[in-house]
Number of protein chains: 2
Amino acid sequence: MARRGRVELRRIEDRTSRQVRFSKRRAGLFKKAFELSLLCDAEVALLVFSPAGRLYEYSSSR
Amino acid sequence: MARRGRVELRRIEDRTSRQVRFSKRRAGLFKKAFELSLLCDAEVALLVFSPAGRLYEYSSSR
DNA sequence: ACCTCTATATATAAACA
DNA sequence: TTGTTTATATATAGAGG
């Protein structure tokens, strides 16, 4: 069994794996952005284009 | 000693703690943004205004 | 403001349901 | 695919310098 939890810091070549990674990490990134704005009273704007060209966005609003 | 690692999900009232948290979490958020763009071949733009009004920004460039 | 340390919490890669 | 599990890696809260 391959080692879990770790990944090399370079582009994921396998298309399916890359899409799965994108969905999971995008969710994590947005959560972190939300927490930063809430906990630290910061204003945050985040734009992400997926490899397929779909747009995801977040902005804090106070 | 207070429990480490955990924090309530609401605005940090203490000014100094909030500033320290901001610096650490901002660094973490930017790292995650970079990793998402690199690993998943995504385009990412991130803008953060600190409580003091200072701007921090990141954008992937390919 | 910025470091280090380290205990604890959280994120997440791979497997699998 | 869409979600869940779980082992492992990473982030980070609090203390101290």
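Reminder, nothing fancy here: chain letters follow the sequence lines and each chain counts from 1.
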All ring-ring contact (aromatic ring centres under 6.0 Å, His included) counterparts of B:Y56, not counting sequence neighbours: B:F22
Shorter than 3.5 Å, N or O on both sides, protein versus nucleotides 1-7 of chain C: list them out with atom names.
| from | atom 1 | to | atom 2 | distance (Å) |
| --- | --- | --- | --- | --- |
| C:dT6 | O2 | B:R4 | NH1 | 2.8 |

Nearest-Å distance for atom pair CZ/P, residues B:R25 and D:dT10: 18 Å
Can you list, by chain and residue number, the hydrophobic cluster partners of A:V20 when the side-chain cut-off is 4.5 Å? none
Using a 4.5 Å cut-off on heavy atoms from C-beta on, say whether the side chain of B:F30 contacts that of B:V48. yes
Please report the distance, rounded to the nearest Å, between CZ in B:F34 and P in C:dA11. 20 Å
Just to verify, what does A:E57 make a side-chain contact (heavy atoms from CB on, under 4.5 Å) with, not counting sequence neighbours? A:L47, A:L55
Quick note, salt bridge (Lys or Arg N to Asp or Glu O under 4.0 Å) partners involving residues 25-36 of chain A, not counting sequence neighbours, are A:R25-B:E35, A:E35-B:R25
Would you mind reading off the distance between A:R18 atom CZ and C:dA14 atom C1', rounded to a whole angstrom? 18 Å
Hits for side-chain hydrogen bond (donor to acceptor under 3.5 Å, both in side chains) against B:E13, two or more places apart or cross-chain, chain-then-number order -> B:R11
Atom-pair distance (CG on A:L9; C1' on C:dT12), nearest Å: 14 Å
Round to a whole Å and report the spacing from CG of A:L29 to C1' of D:dT10. 15 Å
Rounded distance in Å - NZ (A:K32) to P (D:dT10): 14 Å
